[in-house]
Colleague: 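Got a structure here, written out as structure tokens. Questions coming.
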Amino acid sequence: MRSYTLIAPAKINLYLEIISDRPDGYHELAMILQSVDLADEIYLQSLDTESICVKCNHPQVPTDQSNLAYRAAALMATKFPQALAEYGGVEITINKHIPVAAGLAGGSTNAAAVLMGIDLLWNLGLTKSELEELGATLGSDVPFCIAGGTVIATGRGEKLSPLPNLDTIYIVLAKYRSLEVSTAWAYKTYRQEFGNSYLRDSENLAARAAAVHSEAIVKAILNQDPGKIAAKLHNDLERVVLPAYPQVLQLRELFASFTGVLGTMMSGSGPTVFALVESEEQAEAVKLQMRAVIPDQDLELFVTRTITQGVQVA
Ligand code: ATP
């Protein structure tokens with residue numbers, strides 16, 4: 001085959017706990033990550049030369065070497081130079097639907113799709129765990145985007161333990177197009193403001209990582225209980241992002257006040273806020289209610305749902 005199209009889904013964080021800082025500058029995390037059906041399409045086409053090029057329909061996404069999809073292809077080219085010589089380089093076309101810089105792993109899922117697609121284009125036959133290992137060198141969320149579904153992620157987010165598939169839960173996402181929150185800023189500020197509480201425990205890191213405080217939400221997931229899952233949503237980064245970004249706080253408070261919303265939380269380092277809702281009809285109703293309160297077209301709203309897989313060939 002000379003071309004492949006891949007579907008690259010976004011993720012939300014049902015749970016994000018910062019356990020400790022780490023010597024490498026990252027943080028030791030305990031997260032529960034969930035794939036949703038809001039997805040980008042990635043079209044890969046073999047080239048006759050050994051070059052890599054990226055095209056994207058979204059003006060905010062760079063198409064140079066800083067694009068995570070480009071970096072994924074460059075990684076494959078470095079690891080498998082013979083395959084590059086035999087099969088040629090690749091043109092990557094990204095059709096963006098996932099909001100950019102949103103806490104939804106948009107870049108990571110594009111990179112995951114490129115790794116999986118080049119594996120197919122070059123007949124490499126890599127296993128999922130080999131692809132996840134390669135993905136971890138590009139970004140903490142990339143292995144999850146390959147694995148997909150509902151997963152406990154520890155370490156800096158790259159160590160994955162799958163949970164059973166969730167029955168479909170409908171979700172409304174809200175994000176101000178022009179609002180960006182730097183992930184690095186969010187973690188740095190959290191560490192400055194709340195680091196003392198966990199730094200004391202850093203010698204006890206392994207024990208703390210094992211005793212993740214997420215038992216209640218894990219139990220709710222195992223019991224397929226959306227109400228309890230929604231009641232146990234948690235994100236430590238809300239402690240720094242909500243006070244600094246009143247618009248994010250407002251979205252969260254509005255979602256919480258709407259009928260049919262089971263629970264609401266910010267995803268990752270934000271600024272996307274999501275709401276878990278009882279049904280598809282109610283998700284559409286919640287979206288309409290939000291639009292009625294905030295008619296500003298800068299606010300993007302999506303109805304999506306939980307899915308059980310990560311990146312897939314279309
Ligand atoms: P995460 O949830 O993993 O922290 P995010 O959803 O917050 O990710 P991205 O959408 O991945 O953030 O974008 C972060 C930045 O990365 C953007 O500002 C953009 O310039 C850059 N970027 C590089 N490659 C991509 C890509 N393929 N898609 C989107 N953004 C990209």
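Any value given below was found using the heavy atoms of this structure, including those in side chains, with hydrogens, waters and symmetry copies removed. Keep in mind that what you see is a predicted model, and the values were worked out from it rather than measured. Whatever order the structure lists them in is the order used to number ligands and atoms, beginning at 1.
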Colleague: Would you say the side-chain atoms of Asp298 pair up with the backbone N or O of Tyr176, donor to acceptor, closer than 3.5 Å?
Modeller: no

Colleague: Under 3.5 Å, is there a donor on one side chain and an acceptor on the other for Gln45 and Tyr43?
Modeller: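 A donor-acceptor contact under 3.5 Å links the two side chains.
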
Colleague: Report the residue from Asn13, Thr308, Thr150 that forms a side-chain hydrogen bond (donor to acceptor under 3.5 Å, both in side chains) with Gln34.
Modeller: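 Only match with Gln34 under side-chain hydrogen bond (donor to acceptor under 3.5 Å, both in side chains): Thr150.
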
Colleague: Using a 4.0 angstrom limit on heavy atoms, which residues are close to ligand 1?
Modeller: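 These residues qualify: Lys11, Gln60, Val61, Pro62, Ser66, Asn67, Leu68, Ile94, Lys96, Val100, Ala101, Ala102, Gly103, Leu104, Ala105, Gly106, Gly107, Ser108, Asn110, Asp141, Thr183.
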
Colleague: Could you tell me if the side chain of Lys11 sits less than 4.5 Å from the side chain of Val36, heavy atoms only?
Modeller: no

Colleague: Parallel, tilted or perpendicular for Phe258 and Phe255, by the 30°/60° rule?
Modeller: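 It falls in the perpendicular class, over 60°.
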
Colleague: Give a yes or no on whether a salt bridge exists between Asp48 and Arg2, defined as a side-chain N under 4.0 angstrom from a carboxylate O.
Modeller: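 Salt bridge: yes.
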
